[in-house]
Amino acid sequence: ADAMALIALAAQDLRVSNVATPVPGAVVTVTGVVKNATTADVREGAVVTISGDSSFLFQVGTRYAFGSLTFIADASGEFAVNILSNKAVTDSVVTVTSNGASNTTAKKVSFTAAASTTGTSLVVTSPSSVSPGSTFQVVATLTDKYGNAVAVGTGFVLVEYAGPGIVFGALPTSFNAKGQLQFAVLLGANDSGTASLTVSYDQSADSDYTGTAVGDLD
């Protein structure tokens, strides 16, 4: 397991295209060796295909491809493939195939969840109108620029509600592992009026929600 790439990834083949190599940071590396099933002799120059989650960018030498990549093992039948991802993935199987035989990674591949300071999209959903004597729910979802859920701990999330009804329990102060917070409001039979709701996220963890600092997208 390793951290997700923080910049957008791109499939490319630097043998034929003069494109700058992405600088993704940490990678997961899969290594192996291709051998004859009967004699156990190594298969020099065997054609190998590695495949996995469609978000995985596989890299061997100057070649990069999403989801699957075919390459040649070395003179010792050995190979090493780097895997990069902008998507948080847990225990994903990677399959390696050569000459009709296949095997999967002994350890499943994971890319860690988005950091709490990487949220760029905050979407709040609630009904536009509610009848008196009923209950309505508010859900806020925080994701990064690649759509990954962003979990944020207490102290960097502020929820404010003003209007009719009673909030069940305390207003939430964090986003869970799914990048969500939610709460419910109970309206009395005679309640009416307009409700005001604000969900604020302190992206840079600088203890304010003003968004005035450079790079601060509160």
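This one's a predicted model, so the numbers in the text were calculated from it and none came from an experiment.
- With hydrogens and angles ignored, the 3.5 Å screen pairs no side-chain donor or acceptor of S76 with any backbone N or O of E78.
- With rounding to the nearest 0.5 angstrom, the CG atom of L9 is 4.0 Å from the CG atom of N86.
- Residues passing the side chain to side chain contact (heavy atoms under 4.5 Å, CB included) test with V167, sequence neighbours excluded: Y161, L171, F183, V185.
- Contact annotation: the side chain of N176 never approaches that of L181 to less than 4.5 Å [non-hydrogen atoms, C-beta and beyond].
- In this structure, V138 and S126 approach most closely via the heavy-atom pair CG2-CB, 3.9 Å.
- The closest side-chain heavy-atom distance from V94 to I50 is below 4.5 Å.
- Side-chain atoms of V47 and N99, non-hydrogen and from C-beta on, never get closer than 4.5 Å to each other.
- Counting only distance, with no hydrogens or angles, the side chain of T95 and the backbone of T104 share no donor-acceptor pair below 3.5 Å.
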Stepwise side-chain hydrogen bond (donor to acceptor under 3.5 Å, both in side chains) check, S92 with D53: CA-CA 7 Å; S92 183; D53 191 285; 4.6 Å; no
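- Nearest heavy-atom pair across Q182 and P172 is O-CG, 3.9 Å.
- Here the closest heavy-atom approach between residue A151 and residue A177 is recorded as CB-CA, 4.0 Å.
- The OG atom of S116 lies 9.5 Å from the CG atom of D202; values are rounded to the nearest 0.5 Å.
- In summary, the aromatic rings of F156 and F175 are positioned with their centroids too far apart to meet the 6.0 Å limit.
- Put simply, the side chain of L187 does not reach to within 4.5 Å of the side chain of P132, judged on heavy atoms.
- Under a 3.5 Å cut-off, the side chain of T118 and the backbone N or O of A115 do form a donor-acceptor pair.
- To the nearest 0.5 Å, the span separating CD on E160 from OH on Y209 amounts to 9.0 Å.
- Looking only at distances, a side-chain donor or acceptor of Y146 sits under 3.5 Å from a matching main-chain atom of A8.
- Counting Ile, Leu, Val, Met, Phe, Trp and Tyr side chains that sit under 4.5 Å apart, directly or through other members, V33 shares a hydrophobic cluster with V42.
- Looking at T154 and T173, their side chains do bring a donor and an acceptor atom within 3.5 Å of each other.
- Side-chain atoms of S134 come within 3.5 Å of backbone N or O of S131 as a donor-acceptor pair.
- Using a 4.0 Å cut-off between a side-chain N of Lys or Arg and a carboxylate O of Asp or Glu, D41 and K35 do not qualify as a salt bridge.
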T97 vs V48, side chain to side chain contact (heavy atoms under 4.5 Å, CB included): CA-CA, chis, key distance, verdict: CA-CA 6 Å; T97 303; V48 181; over 6 Å; no
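- When all heavy atoms of L122 and A140 are compared, the pair lying nearest together is CD1-CB, 4.2 Å.
- For the residue pair S110 and D91, the shortest heavy atom distance occurs at OG-N, 2.8 Å.
- For the pair V60 and F79, the minimum side-chain heavy-atom distance is 4.5 Å or more.
- Interatomic distance, CG of D208 versus CG of L158, reported as 11.5 Å (0.5 Å rounding).
- No donor-acceptor pair under 3.5 Å is formed between the side chain of D191 and the backbone N or O of P164.
- In this structure, CG on D206 lies 5.5 Å from CG on D218, to the nearest 0.5 angstrom.
- Judged purely by atom type and a 3.5 angstrom limit, N103 has no side-chain atom pairing as donor or acceptor with the backbone of V96.
- Heavy-atom contacts from other residues, nucleotides or ligands closer than 6.0 Å to CD1 of I166 number 12 or fewer.
- We find the OG-CG distance between S85 and L57 to be 9.0 Å, quoted to the nearest 0.5 Å.
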Worked check of ring pair (Phe, Tyr, Trp, His ring centres under 6.0 Å) between F66 and F58: CA-CA 6 Å; F66 283 102; F58 295 102; 9.2 Å; no
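- With no hydrogens or angles considered, no side-chain donor-acceptor pair links D144 and T120 at under 3.5 Å.
- Side-chain contact annotation: T70 with T49, donor-acceptor N/O pair under 3.5 Å present.
- F168 places a side-chain heavy atom less than 4.5 Å from the side chain of L186.
- Residues I83 and V27 fail the side-chain proximity criterion, which asks for heavy atoms closer than 4.5 Å.
- When all heavy atoms of S68 and A65 are compared, the pair lying nearest together is O-CB, 3.3 Å.
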